[in-house]
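Take a look at the structure below.
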Amino acid sequence: MLAMVGASPARGESTKKPNVLLLSIDDLNDWTGCLGGHPQARTPNIDRLAERGTLLSNAHCQAPVCNPSRASLLTGRHPHFSGVYFLGPDLKQAPSLRDLDTLPERFARHGYRALAAGKIFHTGDKRFFDEYGGNMGGFGPRPKKKISQPHGHPLWDWGAFPERDDQMPDLKIADWAVRKLKSIPANPDQPFFMGVGFYRPHTPYVAPLHHARHYPLDKIEPVLELPGDRDDIPPAALPDRPNQRELTIEQRKEIIRAYYASTTLMDACLGRVLDGLKKLKLDDDTIVVFLSDHGYHLGQHGLWQKSDLFEGSARVPFIISVPGMKTAGQSSSSLTELIDLYPTLADLCNLPQPKHLKGHSLAPLLANPKATVRQAAYSTTRIRPRLPGFTGKVKPLGRSIRTDRYRYTEWADGKYGVELYDYQTDPGEITNLARSAAHTDKVKQLKTIFDQTRKHTR
């Protein structure tokens with residue numbers, strides 16, 4: 001067994017650096033058992049990982065879209081530094097990121113064998129690892145004809161498909177990981193950094209039928225848009241997605257059931273990797289990280305998507321399990337960000353940290369879950385809807401901070417609106433307090449914190 005990670009070893013203890021297993025999920029919100037986001041969620045393997053590590057229950061992404069979120073957490077820089085806000089540009093096409101070590105490259109540069117399969121980066125993972133096993137079919141398989149939704153984006157679909165689990169990319173990725181764990185030679189001088197990137201529950205919400213049978217359709221509790229909910233929300237905060245607000249109750253139930261089924265499939269694949277790690281007796285030598293790149297709305301505010309700055313998109317599942325630290329089963333509600341991953345792993349593995357990192361090491365928080373590493377979490381996105389009077393080519397930014405109690409958001413520096421939500425009294429973000437005379441002082445206070453946080457991220 002390793003000495004306590006991140007600490008100087010006592011006499012006679014091993015000085016071998018820990019392995020790192022990064023489990024990256026796409027579009028997973030807080031609908032997991034350990035986060036309690038929805039009472040019908042079934043995620044036994046995510047839950048058991050939380051029981052052996054630290055659940056960071058108040059974690060937030062830096063951008064609620066796959067590409068910028070992954071670029072940020074894997075380089076340690078915010079989207080406004082890189083200019084990566086949406087599905088393009090590619091990480092290596094951003095001039096400010098070209099010469100920076102990404103997380104796996106940093107580990108490879110300092111003695112680790114870096115390997116991966118599936119989706120760790122948004123695209124082009126092969127460039128960043130010593131060995132890349134492939135995407136195993138990515139977001140597939142997809143039927144020749146869409147199952148449930150004839151119009152819209154090709155991936156906006158849901159239903160029972162295909163027939164068997166072994167046809168799903170996530171199972172192939174899990175099996176690849178287990179095979180690699182078996183084949184990696186026991187070399188104390190070269191630990192591994194392994195990325196395992198699962199695609200589900202990203203759209204299309206498809207999984208073999210037996211996963212959906214856990215969720216009888218008549219038992220599904222759909223999320224409904226409350227009357228008047230959007231009346232005080234700035235239009236800039238509501239991405240324009242046609243036809244989603246017109247979904248029937250039956251369609252909503254079907255989508256949620258399919259999302260559950262996709263999540264349950266992913267959870268089973270995760271369990272296969274965790275079982276392999278334990279069976280090979282590598283769990284005492286391996287830091288395990290589980291995270292989602294961003295959240296996802298399933299009806300809240302009439303949204304079925306990510307890319308906005310509400311809690312549903314910005315908050316993410318985040319678990320860190322560290323051998324040698326007494327962290328089993330603990331939970332921390334302290335504010336954390338995905339950008340903290342890079343400095344945390346470098347710290348825990350005693351790697352020199354590059355100067356460009358903007359996150360904070362969470363090692364103190366892992367040792368004491370009541371510790372505080374920041375006063376606010378910071379997220380950004382490009383404004384997607386059509387805006388009145390806007391004629392520019394580059395969409396302006398939305399910027400948001402989350403404190404322990406509040407979320408404060410500015411759209412184009414306030415030009416297109418400001419939002420303030422109090423999660424202590426309004427966890428569903430139903431009432432925007434930004435224009436309330438009773439909250440003028442609170443708006444000013446959070447504006448100050450917002451400006452301080454924004455300055456730090458540059």
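Any value given below was found using the heavy atoms of this structure, including those in side chains, with hydrogens, waters and symmetry copies removed. All residue numbers in this chain count up from 1 along the given sequence.
- Between Cys61 and Ser379, the shortest heavy-atom contact is O-OG, 2.6 Å.
- Under the 6.0 Å cut-off for aromatic ring centres, Phe139 and His202 qualify, their centroids lying closer than that.
- The backbone N or O of Ala346 lies less than 3.5 Å from no partner atom in the side chain of Gln353, so there is not a single donor-acceptor pair.
- Salt-bridge formation is detected for the pair Lys447/Asp451: a Lys NZ or Arg NE/NH1/NH2 atom is positioned less than 4.0 Å from an Asp or Glu carboxylate oxygen.
- A donor-acceptor pair under 3.5 Å is absent between the side-chain atoms of Asn19 and the main chain of Thr286, judged by distance alone.
- Nearest heavy atoms, Ser313 versus His297: OG-CD2, 3.4 Å.
- Judged by distance alone, the side chain of Gln300 and the main-chain N or O of Leu298 form a donor-acceptor pair under 3.5 Å.
- Under 3.5 Å, the side chains of Tyr423 and Arg407 contain a donor-acceptor pair of N or O atoms.
- Interatomic distance, Phe86 CZ to Cys66 SG, rounded to the nearest 0.5 Å: 9.5 Å.
- Distance check: Ile339 CD1 to His78 NE2 gives 4.0 Å after rounding to the nearest 0.5 Å.
- Within the 3.5 Å criterion, the main-chain N or O of Arg77 finds a donor-acceptor partner in the side chain of Ser72.
- No donor-acceptor pair under 3.5 Å is formed between the side chain of Ser262 and the backbone N or O of Arg200.
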Please report the C-alpha distance between Ile449 and Tyr406 in whole Å, then the side-chain angles of each, then the deciding distance to 0.1 Å, and finally whether the side-chain contact (heavy atoms from CB on, under 4.5 Å) criterion is met.
-> CA-CA 11 Å; Ile449 297 174; Tyr406 297 94; over 6 Å; no
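- Counting heavy atoms from C-beta on, the side chains of Thr381 and His294 never come closer than 4.5 Å.
- Around CZ of Arg109, the count of heavy atoms belonging to other residues, nucleotides or ligands within 6.0 Å does not exceed 12.
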Applying side-chain contact (heavy atoms from CB on, under 4.5 Å), run through Thr32 and Phe290 and close with a yes or a no.
-> CA-CA 12 Å; Thr32 66; Phe290 174 92; 5.8 Å; no
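- Taking each heavy atom of Cys34 and Asp47 in turn, the nearest pair found is N-OD1, 2.9 Å.
- For the pair Asn135 and Pro169, the minimum side-chain heavy-atom distance is 4.5 Å or more.
- For Ser57 (side chain) and Ser332 (main-chain N/O), a donor-acceptor pair under 3.5 Å exists by modelled atom type.
- Residue pairs meeting the side chain to side chain donor-acceptor pair (under 3.5 Å) criterion with at least one member in residues 356-369, sequence neighbours excluded: Asp347-Ser361.
- No side-chain heavy atom of His122 sits under 4.5 Å from any side-chain heavy atom of Leu91.
- Cation-pi check for Arg106 over Phe193 is not met; the charged atom does not lie both under 6.0 angstrom from the ring centroid and within 45 degrees of its normal.
- Separating the OH atom in Tyr205 from the CD1 atom in Ile256 is a distance of 10.0 Å, to the nearest 0.5 Å.
- Remark: Arg382 qualifies as a cation-pi partner of Tyr85 under the 6.0 Å distance and 45° angle criteria applied to the six-membered ring.
- Atoms CG and CD1, on Asp229 and Ile430 in that order, are 4.0 Å from each other to the nearest 0.5 Å.
- At a cut-off of 3.5 Å, with distance as the only test, a side-chain donor of Gln445 or Lys442 sits close to an acceptor on the other residue.
- Counting only heavy atoms from C-beta outward, the side chains of Asp27 and Asp293 approach each other to under 4.5 Å.
- Using modelled atom types, one side-chain atom of Asn58 and one backbone atom of Ser333 make a donor-acceptor pair closer than 3.5 Å.
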Mind running side-chain contact (heavy atoms from CB on, under 4.5 Å) on Phe318 and Leu362 for me, showing each step along the way?
-> CA-CA 12 Å; Phe318 195 8; Leu362 302 179; 4.0 Å; yes
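- Of all heavy-atom pairs between Leu348 and Pro18, the closest is O-CG, 4.4 Å.
- Ser334 places none of its side-chain heavy atoms less than 4.5 Å from the side chain of Lys370.
- Between Ile401 and Leu446, the closest heavy-atom pair is CD1-O, 3.7 Å.
- Put simply, CG on Leu270 and CG on Asp170 are 10.5 Å apart, with the number rounded to the nearest 0.5 Å.
- Contact detail for Pro104 and Leu74: the closest heavy-atom pair is CD-CD2, 4.3 Å.
- Between Arg435 and Val443 there is no side-chain heavy-atom pair separated by less than 4.5 Å.
- The aromatic rings of Tyr215 and Tyr260 lie parallel to each other, with less than 30° between the two planes, well short of the 60° mark.
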Start with the C-alpha gap between Leu103 and Phe128, add the side-chain angles, then the distance that decides, and say whether side-chain contact (heavy atoms from CB on, under 4.5 Å) holds.
-> CA-CA 9 Å; Leu103 181 60; Phe128 305 101; over 6 Å; no
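- In this structure, Trp156 and Ile255 have side chains that are in contact, with non-hydrogen atoms separated by less than 4.5 Å.
- Listed by chain and residue number, Ile120, Phe121, Phe129, Tyr132 satisfy the side-chain contact (heavy atoms from CB on, under 4.5 Å) test with Asp125 (two or more places apart in sequence, or in another chain).
- Side-chain N or O atoms of Glu419 include none that pairs as donor or acceptor with a backbone N or O of Ala434 at under 3.5 Å.
- Between the side chain of Arg252 and the main chain of Leu247, a donor-acceptor pair closer than 3.5 Å is present.
- By the side-chain contact (heavy atoms from CB on, under 4.5 Å) test, Asp413 is found to be paired with Arg399, Glu410, Arg454, residues two or more places apart in sequence or in another chain being considered.
- The closest side-chain heavy-atom distance from Thr75 to Tyr342 is not below 4.5 Å.
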Tell me, with the steps shown, if Arg374 and Asp340 meet salt bridge (charged side-chain N to carboxylate O under 4.0 Å, His left out).
-> CA-CA 11 Å; Arg374 60 167 42 80; Asp340 297 331; 2.6 Å; yes
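- In this structure a side-chain-to-backbone donor-acceptor pair under 3.5 Å is present from Arg70 to Lys119.
- For the atom pair CG (Leu345) and CD1 (Ile320), the distance works out to 6.5 Å, reported to the nearest 0.5 Å.
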